[in-house]
Colleague: 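Sending over a structure as structure tokens; questions will come in a sec.
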Protein chains: 2
Amino acid sequence: MAQVHASQAFQAASALRHASEASVTAFCGSPASVQFLPPETEIFAQGECCGKLYRVEFGAVRVYRLLSDGRRQISAFHLTGEIFGFETDTVHQFFAETLCSTGISTLRLTSARNDMASELLPLALKSLVRTQQHLLVLGRQNALERIAAFLLDMSERQGDLQPIELPMSRIDMADYLGLTIETVSRALSRLKKSGVILMPSLRSVEIVKLQTLQSMAG
Amino acid sequence: MAQVHASQAFQAASALRHASEASVTAFCGSPASVQFLPPETEIFAQGECCGKLYRVEFGAVRVYRLLSDGRRQISAFHLTGEIFGFETDTVHQFFAETLCSTGISTLRLTSARNDMASELLPLALKSLVRTQQHLLVLGRQNALERIAAFLLDMSERQGDLQPIELPMSRIDMADYLGLTIETVSRALSRLKKSGVILMPSLRSVEIVKLQTLQSMAG
DNA sequence: CGCAGGTTTGAGCACCCTCAACGAATGTGG
DNA sequence: CCACATTCGTTGAGGGTGCTCAAACCTGCG
């Protein structure tokens, strides 16, 4: 029930913010082909053959890589309206899974890929810039700064509607921010105690002192 | 003199490895327009208007962002044959500077951008995958693993010719790997003492125990 | 109500950063 | 050509942030 509410919030937000991604013709032409996936469902796995792009119609997705010893780095979360699945190789280098109940529509990339390149390039560049921004966070910011930046990013992507609905667990947040779950939890507790945020439930955060949070994120 | 040798090594390597990037027609058509830049020269700065792509003909380039307090994260080094300058906005979000004496050719992106999209998309995706790989390094690997991964990456991009010529300072390596110069230096010293690498000079590294280094990098 | 999974909190420790001094390499002016 | 200055790199000592390990606490759910 809580998840349904979250999904609706994401959808409302995406209508405002992700118009450009939604305008890719091949996706709009076939709204009937939306796949409904339960939480924690694999969308694709490393080593699988690839040749599709994916659009989140509602819900949320994590894309990640693994080290041989099991350490995981989530390279991106994708919320409603966002497109993912870009890869260079013929084989996936990443894993993609749903976080919650999620609707996914797919775009087959066959030989028509060249025709669509002018539409896809801006999307790929958006992913690139977002990833580069995240590099700065992982390379040069401490735990509190990472959490602050993460909350601000999630807030913005949900249209700055308060409270923020977090579709992911603490483990996912940790593996995205290059921290442990304990450190994530401690950082959130500090923000809560200092009155910067409220946490009405485990997965919802309300930003109280926006400017303080922004100055923390750098 | 040492730099000339390094540049030649990069060129030889690129002839093998970067054929796809070199094949962008607009670059090949105008070899006369190569700009020769001295070390530590700005190519573009954050806030400047953008609308070009750049190709490294020889030498090396760093692309980076800054936090307000001066912390720097280098998002990528670009060696001979590689193309950089992709951005979504009309204004640069990054800085780009030469590391050493470098030749740069430019490609103006006007309205012809759509026509070239099918050529540019693979390059953008290559950057994206490389950046995502680097996320894993910054998020989940320790200092020794980062140095190992960095050396292997540099070695591969120079065609596995030994020794590796490093065109950047320890500061640049540190700001790329999310470490301090002291930690970079210590990690290199440990690799040297354990016989995994040789360092005939400060900026050249020879990999002696490749497998050991690979197992370190994960 | 009791269980299981996720989250929080605490104590101790390891890795990396900070600060400092020393050494090496390069460039400059005498 | 040498003396010097300057920058860069290395090495050491000490401290802090975040990780590891462990236990307690929620919270949802059967």
Side-chain angles (χ1 to χ4, degrees), chain A residues 1-6 38-40 62 67 69-73 99-101 137-148 150 166-194 197-205 216, chain B residues 1-3 6 38-40 62 67 69-73 99-101 137-148 150 166-194 197-205 216:
Chain A
M1 202 57 175
Q3 277 174 339
V4 173
H5 280 136
E40 305 290 322
R62 63 173 168 250
L67 287 172
D69 60 2
R71 281 177 287 179
R72 183 177 73 159
Q73 178 63 46
L99 294 170
C100 51
S101 296
V137 174
L138 293 192
R140 287 297 176 217
Q141 299 201 270
N142 64 29
L144 211 53
E145 292 171 329
R146 294 183 200 199
I147 293 290
F150 174 73
L166 300 176
M168 73 289 290
S169 68
R170 297 290 187 267
I171 296 181
D172 288 322
M173 290 175 59
D175 284 349
Y176 177 67
L177 296 172
L179 302 169
T180 60
I181 55 175
E182 294 94 334
T183 301
V184 169
S185 180
R186 274 184 257 265
L188 287 172
S189 295
R190 283 182 60 183
L191 290 177
K192 198 169 62 176
K193 269 176 195 155
S194 59
I197 62 171
L198 292 176
M199 286 185 56
S201 80
L202 282 178
R203 295 215 176 176
S204 91
V205 172
M216 280 177 168
Chain B
M1 201 57 176
Q3 275 174 340
E40 305 291 320
R62 62 173 168 251
L67 288 172
D69 60 2
R71 280 176 288 179
R72 183 177 72 158
Q73 178 63 45
L99 293 171
C100 52
S101 295
V137 174
L138 294 192
R140 286 297 176 216
Q141 298 201 271
N142 64 29
L144 211 55
E145 292 171 329
R146 294 184 200 199
I147 294 290
F150 174 73
L166 301 176
M168 74 290 289
S169 68
R170 298 290 188 266
I171 297 180
D172 289 322
M173 289 174 59
D175 284 350
Y176 177 67
L177 297 172
L179 301 169
T180 61
I181 54 175
E182 295 93 333
T183 302
V184 169
S185 182
R186 274 183 257 264
L188 287 172
S189 294
R190 281 183 60 183
L191 290 177
K192 198 168 62 176
K193 269 177 195 153
S194 59
I197 61 170
L198 292 176
M199 287 186 56
S201 81
L202 281 178
R203 296 216 176 175
S204 92
V205 172
M216 280 177 169

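Keep in mind the model is a prediction, meaning the values are calculated, not measured. All heavy atoms count here, side chains included; hydrogens, waters and symmetry mates do not.
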Colleague: Is the shortest heavy-atom distance from the side chain of A/Ile171 to the side chain of A/Arg72 under 4.5 Å?
Modeller: yes

Colleague: Ignoring hydrogens, what is the shortest heavy-atom contact between A/Asp175 and B/Arg140? Give both atom names and the distance.
Modeller: OD1-NH2, 2.8 Å

Colleague: When the distance from CG of B/Asp69 to P of C/dT18 is rounded to whole Å, what number comes out?
Modeller: 11 Å

Colleague: How long is the span from the CZ atom in B/Arg203 to the OG atom in B/Ser169, to the nearest 0.5 Å?
Modeller: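 So the CZ of B/Arg203 and the OG of B/Ser169 are separated by 5.5 Å.
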
Colleague: Name the closest nucleotide to the A/Glu182 side chain, picking from D/dC19, C/dC16, D/dA22.
Modeller: D/dA22

Colleague: Side chains of B/Tyr176 and B/Val184, heavy atoms from C-beta outward: is any pair under 4.5 Å?
Modeller: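 Sidechains of B/Val184 and B/Tyr176: no contact.
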
Colleague: Side chain of A/Leu202, heavy atoms from C-beta onward: which of C/dC17, C/dT7, D/dG18 has the nearest atom to it?
Modeller: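 Looking only at side-chain atoms, A/Leu202 lies closest to C/dT7.
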
Colleague: Provide the closest heavy-atom pair for B/Gln141 versus B/Arg146 in the form atom of the first, atom of the second, distance.
Modeller: O-NE, 2.7 Å

Colleague: Write down the distance between CE (B/Met173) and P (D/dC8), rounded to a whole number of angstrom.
Modeller: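 Whole-Å distance recorded here is 15 Å.
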
Colleague: Would you classify A/Ser189 as touching base, sugar-phosphate or nothing, given that sugar-phosphate means primed atoms plus P, OP1 and OP2, and contacts are heavy atoms under 4.0 Å?
Modeller: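 Sugar-phosphate, no base atom in range.
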
Colleague: Nearest to the B/Asn142 side chain among D/dC19, C/dC16, D/dG18, which nucleotide is it?
Modeller: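 Among D/dC19, C/dC16, D/dG18, the one nearest the side chain of B/Asn142 is C/dC16.
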
Colleague: Could you state the atom-to-atom distance from CZ of B/Arg190 to P of D/dG9 in whole Å?
Modeller: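 For the pair B/Arg190 CZ and D/dG9 P, the rounded distance is 20 Å.
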
Colleague: Can you tell me how far C1' of C/dA25 sits from CD1 of B/Ile181, to the nearest Å?
Modeller: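 Taking atom C1' of C/dA25 as the reference, CD1 of B/Ile181 is at 15 Å.
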
Colleague: To the nearest Å, how far apart are B/Met199 CE and C/dA25 P?
Modeller: 11 Å

Colleague: How close or far is atom C1' of D/dG9 from atom CG of B/Leu191, stated in whole angstroms?
Modeller: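 My rounded result for the distance is 16 Å.
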
Colleague: Expressed as a whole number of angstroms, how long is the span from A/Ile147:CD1 to D/dG18:C1'?
Modeller: 12 Å

Colleague: Specify the residue among A/Arg140 and A/Thr183 whose closest nucleotide of DNA chain C lies further upstream toward the 5′ end.
Modeller: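 Final value for this comparison: A/Thr183.
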
Colleague: Indicate, with a heavy-atom threshold strictly under 4.0 Å, whether B/Leu179 touches base, sugar-phosphate, or nothing.
Modeller: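 Sugar-phosphate contact only - B/Leu179 comes under 4.0 Å of backbone atoms but never of a base.
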
Colleague: Using a cut-off of less than 4.0 Å, is there contact between a side-chain N or O of B/Ser169 and OP1 or OP2 of D/dC8?
Modeller: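 Answer is no, no contact under 4.0 Å.
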
Colleague: Could you give the CZ-to-C1' distance, from B/Arg170 to C/dG23, as a whole number of Å?
Modeller: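 Those two atoms, CZ and C1', are 14 Å apart.
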
Colleague: Base of D/dT20, side chain of A/Arg186 - is there a donor-acceptor contact under 3.5 Å?
Modeller: yes

